[in-house]
Amino acid sequence: MPAKGKHRRPKQNPITRKLALAGTGGAALTLPLISATTAGAAGTSTPAATVTTVTAATVVNAVTAVNAPPATYSVVVGDTLSEIAADHSVSGGWKQLYEANRAVVGDNPSVIRPGIKLTIGAATAKAATATKTAVKTAARPASSYPNNLDGWIRESLDVMAKHGIPGSYNGIHRNVMRESSGNPKAINLWDINAQNGIPSKGLLQVIDPTFKAYHVPGTSLDSYDPVANITAACNYAAARYGSIDNVNGAY
């Protein structure tokens with residue numbers, strides 16, 4: 001990673017990752033409640049005007065539900081398409097969910113990256129489903145990443161998602177293999193940075209000034225730390241190139 005341009009101030013783009021149920025308001029719950037009210041009214045000779053009013057409201061709410069924007073779900077560690085499809089009663093199951101989200105999932109439906117947003121259809125998911133998802137997420141242990149390159153990249157992606165830093169697994173992996181061959185203790189002692197006394201270090205070969213300028217809170221202050229190194233480098237790449245995915249050579 002050349003020294004030029006490495007002292008820019010880091011971008012701050014915090015993003016909150018959560019289940020988004022968009023636009024329905026109470027429409028999904030209003031329909032069955034109104035139907036029950038209408039049925040009860042018929043048994044007690046409710047005036048015609050009241051029945052007409054309820055029927056009109058039913059129609060309006062039905063149209064609202066049909067026209068509701070799609071709901072989205074932010075993938076968390078441990079999720080599978082089958083589980084998400086079941087939790088949200090996706091018609092057609094995981095295959096339909098995959099086809100609707102192939103562009104963001106990629107070619108392998110068995111691997112879904114934490115932080116990506118899946119469209120799960122009309123926003124009719126029940127509150128119980130949202131609660132189940134929240135409990136399931138909270139119950140997962142924080143240390144669920146293997147201590148290897150795959151685990152380091154996945155943990156870094158989760159940190160990046162929390163801070164709004166773009167980047168994909170493939171983009172990070174490709175650059176790591178080019179820069180260090182996956183060795184977190186790699187150091188360059190011969191290029192211009194080394195000659196200037198600030199050698200490039202770690203998985204993504206970050207010099208100390210860049211690491212300090214683009215360090216992401218919540219990660220180690222050690223530039224050799226795999227997750228801290230990846231995350232700082234991706235933060236720098238986002239500021240300079242838009243994303244680590246746009247880096248295809250020395251940067």
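Using a distance-only test at 3.5 Å, with no hydrogens or angles considered, no donor-acceptor pair links the side chain of His215 to the main chain of Asp222. Using modelled atom types, one side-chain atom of Asn175 and one backbone atom of Val247 make a donor-acceptor pair closer than 3.5 Å. A donor-acceptor distance shorter than 3.5 angstrom exists from the side chain of Asp79 to the backbone of Val76, with no hydrogens or angles considered.
Here Leu221 sits alone; no ILVMFWY side chain lies under 4.5 Å from its own, so it joins no hydrophobic cluster. Counting Ile, Leu, Val, Met, Phe, Trp and Tyr side chains that sit under 4.5 Å apart, directly or through other members, Tyr224 shares a hydrophobic cluster with Ile187, Leu189.
Criterion: ILVMFWY side-chain heavy atoms under 4.5 Å apart, direct or through other members. Under it, Met177 and Leu204 are part of a common hydrophobic cluster. Cluster annotation: Val105 and Val111 are assigned to distinct hydrophobic clusters (Ile/Leu/Val/Met/Phe/Trp/Tyr, side-chain heavy-atom contacts under 4.5 Å, transitive).
To the nearest 0.5 Å, atom CD of residue Glu155 and atom CG of residue Asn147 are 9.5 Å apart. The line from CD1 of Ile207 to CD1 of Ile192 is 11.0 Å long, rounded to the nearest 0.5 Å. Taken to the nearest 0.5 Å, the NE2 atom of His88 stands 9.5 Å off from the CD atom of Glu83. In this structure, the separation between OG on Ser181 and CG on Leu149 is 10.5 Å, given to the nearest 0.5 Å. Atom OG in Ser144 sits 7.5 Å away from atom CG in Asp158 (nearest 0.5 Å). Interatomic distance, CD1 of Ile165 versus CD1 of Ile230, reported as 12.0 Å (0.5 Å rounding).
Using a 4.5 Å cut-off on side-chain heavy atoms (C-beta onward), Pro217 and His163 make contact. Side-chain contact between Val227 and Tyr145 is absent, with no heavy-atom pair separated by less than 4.5 Å. With a 4.5 Å cut-off on side-chain heavy atoms, Thr231 and Asn235 do not count as touching. With a 4.5 Å cut-off on side-chain heavy atoms, Lys201 and Asp208 count as touching. At a threshold of 4.5 Å between non-hydrogen side-chain atoms, the residues Leu81 and Leu118 count as touching. Residues Ile84 and Val90 are not in side-chain contact: their nearest non-hydrogen atoms beyond the backbone lie 4.5 Å or more apart. Between Ile198 and Thr210, every side-chain heavy-atom pair lies at or beyond the 4.5 Å cut-off. Side-chain contact between Lys95 and Glu99 is absent, with no heavy atoms from C-beta onward closer than 4.5 Å.
Side-chain atoms of Arg174 and Asn248 form a donor-acceptor pair, as typed in the model, at a separation below 3.5 Å.
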Practice prompt. Would you sort out whether Ile153 and Leu203 count as a side-chain contact (heavy atoms from CB on, under 4.5 Å), showing the intermediate values?
Written response: CA-CA 10 Å; Ile153 292 176; Leu203 289 173; over 6 Å; no
Discussion item. With side-chain contact (heavy atoms from CB on, under 4.5 Å) as the criterion, how do Asn193 and Asn188 come out once you've worked through the C-alpha distance, each side chain's angles and the decisive distance to 0.1 Å?
Written reply: CA-CA 8 Å; Asn193 291 322; Asn188 185 318; over 6 Å; no
Fill in: side-chain contact (heavy atoms from CB on, under 4.5 Å) assessment of Lys117 paired with Val104
CA-CA 8 Å; Lys117 285 190 174 182; Val104 293; over 6 Å; no
Worksheet item: For Tyr73 and Thr119, what are the C-alpha separation, side-chain angles and deciding distance, and is it a side-chain contact (heavy atoms from CB on, under 4.5 Å)?
Response: CA-CA 7 Å; Tyr73 174 78; Thr119 299; over 6 Å; no
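Among all heavy-atom pairs drawn from Ala161 and Gly115, the shortest one is CB-CA, 4.4 Å. Nearest heavy-atom pair across Ile120 and Leu97 is CG2-CD1, 4.0 Å. A pairwise comparison of heavy atoms in Phe211 and Ala228 identifies CE1-O, 3.6 Å as the closest pair. Looking at every heavy atom in both residues, Ala186 comes nearest to Ser180 through CB-CB, 3.8 Å. Nearest heavy atoms, Gly167 versus Met160: CA-CE, 3.9 Å. In terms of heavy-atom proximity, Trp94 sits nearest to Pro109 at CZ3-CB, 3.9 Å.
For the side chain to side chain contact (heavy atoms under 4.5 Å, CB included) with Asn229, the lone residue among Thr219, Val206, Val176 that qualifies is Val206.
Under the side chain to side chain donor-acceptor pair (under 3.5 Å) criterion, Asp150 pairs with Arg154, Tyr169, not counting sequence neighbours.
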